[in-house]
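To start, the structure under review is shown below, and the notes come after it.
Atom set for the values below is all heavy atoms of this structure, side chains included, hydrogens, waters and symmetry mates excluded. Every value quoted in this text rests on a predicted model; they were computed, and no experiment measured them. We number each residue from 1, following the sequence as shown.
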Amino acid sequence: MKILSAEEMRVTDRVTMEAHGVPSLSLMNHAGEAVARFILREFPAARCITVLCGKGNNGGDGLVAARALATAGCDVGVLLLGNPSDLKGDAAEMFRRMPLPVTIVEEEAALATPEVGRLLDSTELLVDAVVGTGFKPPLRGPAAALRDRIRTLTSPIVAVDLPSGWDADSRNYDAEGAFRADAVVTFTAPKLAHACGNLTGSAYRPIVVAAIGSPEAAVRSDLNLTWAGSSKKIAAAPRAADDNKGRHGHVLVIGGSHGKAGAPSMASLAALRTGAGLVTAAVAGSMLSLVASTTPELMTVGLSEGQRGEIDARNLESTALDALLARKTVIALGPGLGQEPATEEFVLGLLARTRLPMVIDADALNILAKHRELIDGRDRTLILTPHPGEMSRLAGLSVKEVQSEREPLAREFATRHQLTLVLKGWRTLIAHPDGSIAFNTTGNPGMAKGGSGDILTGIVAAMVAQYPDQLADAVNAAVYLHGLAADFAVREQDEHTLLATDTIAHLFRAFRFNPHDPAGYVWFEGLPR
Ligand SMILES: NC(=O)C1=CN([C@@H]2O[C@H](COP(=O)(O)OP(=O)(O)OC[C@H]3O[C@@H](n4cnc5c(N)ncnc54)[C@H](O)[C@@H]3O)[C@@H](O)[C@H]2O)[C@H](O)CC1
Ligand SMILES: [K+]
């Protein structure tokens, strides 16, 4: 699913109407009905509903939603911010077809009337159809006053297309002065604000994308931005009845040091739980039995180590490493590795020794940052998974600079070095060598804990091992599944108590979840109740 600008959305609508003959009124009907369907599904207890309509087509969608909710038996009130004579085109037509009474609010003072007070205070759910992609900041007039009034109410509010006051093209996390929203129903494709903004103030509240009649061919964008969840489809096919583990790849986790045996253990278990046919953990000999005891399904190989349990360069002379590298594996290098000089020498030697696909994380990234000339994916598959701090060292920038330029920085780094870059954080970005970027919208603050990155490394390596010919989708899907598993896990936990191993235990729910809801919308963020 592409991520569009507001102008590209308008072009998509125009192409849909002109090249594919879909009437604009049909788009508006489908949009409003999708909002009603979502509300009936996700807020079944809300029977007394107030729809707040602006004078543009966002308001038109609201009028359609109001009619559909009333037809479904809800007690619906409609408030129009403006004079009906100001309505134009499809919105005016929907007003003409409106079977319900509409309360007109032309001036801010009208918000204080008893009639409006009843509409707002007695409602069990609000629908925000005041302004959508036609928003020109800042929010003004009765809309601004209505926003403030709604902040005094506790009823949930479902935003049509965007919470009013959000610029569709915003890449900001926040939007001063926007309406609050408990859920968002957008249409055809997510816009930049849906991908980048904290529209609902929470990682758990839903943003869904409803199909309203635009064929895929009409959805065009030059932004080269997609949604990571669209890649999950590569893991949806059932396995063959005569399947065998040899068909699902082999992950080789290389990591660990004294005090950090858990990192390679978690990365290995995550790789197994993600479906890799075989997983081998290569760790310092002194921690071999410790790591092996975590997961019976895991194979282990002992490596030579220094005084502090760090994997050292003597391994480069050993036949054990040759045997390991002779197998067709995807290497996950870094969990718990440490940055001792002997380990640094080992990492540099390993990079020179093999061209096997490699997921590089954690301390291996910090070692690579000291040898930037080795960051080169032209003749090998490299996937780097830095958090902003590790990215600042890789790019030689401050964390602030990294965070302020995530998208261009990720794209430039991935294309310059011809590798896949997973830049973690709010809305993890997956930047590919061709310059395309996928936004991930799953995950929650409960993941801000040791181990989350280690299991992502294992999940990425396992997806690449299983789908070696679909590298971009494999990495996008891995990041999506990682956050989705954590979203399922935190439902049975709390953000304070969630552990990375809880996330691993919920990967099966993530694999089973289909973001394409049978009701005709895609779960872009959040989960069904
Ligand atoms: N394929 C689709 O996505 C479809 C989307 N639809 C809906 O159409 C709106 C966009 O409609 P448009 O008429 O262009 O603009 P809006 O209704 O969003 O806003 C214009 C409306 O809002 C007022 N306004 C603008 N800025 C402000 C402000 N700062 N303060 C207050 N009021 C403001 C302006 O005066 C106009 O009255 C899109 O969001 C979807 O909801 C189609 O219905 C179907 C296809
Ligand atoms: K809106």
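- Residues His194 and Glu525 bring no donor and acceptor atom of their side chains to less than 3.5 Å of each other.
- Pairs passing the salt bridge (charged side-chain N to carboxylate O under 4.0 Å, His left out) check and including a residue from residues 510-523, sequence neighbours excluded, read Arg41-Asp517.
- Take Asn444 and apply the side-chain hydrogen bond (donor to acceptor under 3.5 Å, both in side chains) test, not counting sequence neighbours, and it matches Asp487.
- The environment of NZ in Lys233 is crowded: more than 12 heavy-atom neighbours from other residues, nucleotides or ligands sit within 6.0 Å.
- Residues forming a side-chain contact (heavy atoms from CB on, under 4.5 Å) with Asp86 (at least two apart in sequence, or on another chain): Lys55, Asn83.
- Considering only residues two or more places apart in sequence or on other chains, Pro468 meets the side-chain contact (heavy atoms from CB on, under 4.5 Å) condition with none of them.
- Listed by first and then second residue, the salt bridge (charged side-chain N to carboxylate O under 4.0 Å, His left out) pairs involving residues 142-152 are Asp121-Arg149, Asp148-Arg151 (not counting sequence neighbours).
- Remark: the His30 side chain and the Glu33 side chain contain no N/O donor-acceptor pair separated by less than 3.5 Å.
- Trp426 and Tyr173 have perpendicular rings, their planes meeting at more than 60° on a 0 to 90° scale where under 30° would count as parallel.
- Aromatic ring pairs are classed by plane angle as parallel below 30°, tilted from 30° to 60° and perpendicular above 60°; the pair Trp227 and Phe524 is tilted.
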Donor-acceptor contacts, no H, no angles, side chain residues 156-165, under 3.5 Å, sequence neighbours left out:
| from | atom 1 | to | atom 2 | distance (Å) |
| --- | --- | --- | --- | --- |
| Asp161 | OD1 | Thr186 | OG1 | 2.6 |
| Ser164 | OG | Asp128 | OD1 | 2.5 |
| Ser164 | OG | Asp128 | OD2 | 3.2 |
| Ser164 | OG | Val131 | N | 3.0 |
| Ser164 | OG | Val131 | O | 3.1 |

Enumerate donor-acceptor pairs with a distance under 3.5 Å from any side-chain N or O in residues 21-29 to protein atoms, sequence neighbours excluded.
| from | atom 1 | to | atom 2 | distance (Å) |
| --- | --- | --- | --- | --- |
| Ser24 | OG | Asp90 | OD1 | 3.3 |
| Ser24 | OG | Asp90 | OD2 | 2.6 |
| Asn29 | OD1 | Arg67 | NH2 | 3.0 |

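- Partners of Phe508 under the ring pair (Phe, Tyr, Trp, His ring centres under 6.0 Å) rule, at least two apart in sequence or in another chain, do not exist in this structure.
- Remark: Phe95 pairs with no residue by the ring pair (Phe, Tyr, Trp, His ring centres under 6.0 Å) rule, at least two apart or across chains.
- For the side-chain contact (heavy atoms from CB on, under 4.5 Å) test, residues two or more places apart in sequence or in another chain that qualify with Ala438 are Thr226, Ala228, Ile430, Asn476.
- Screening residues 451-465 for side-chain hydrogen bond (donor to acceptor under 3.5 Å, both in side chains) gives Asp361-Thr457 as the qualifying pairs, with residues at least two apart or on separate chains.
- Scored by the side-chain contact (heavy atoms from CB on, under 4.5 Å) test, Asp222 finds Glu8 as partners (sequence neighbours excluded).
- Summarising the local packing, CD of Glu106 is surrounded by more than 12 heavy atoms from other residues, nucleotides or ligands at distances under 6.0 Å.
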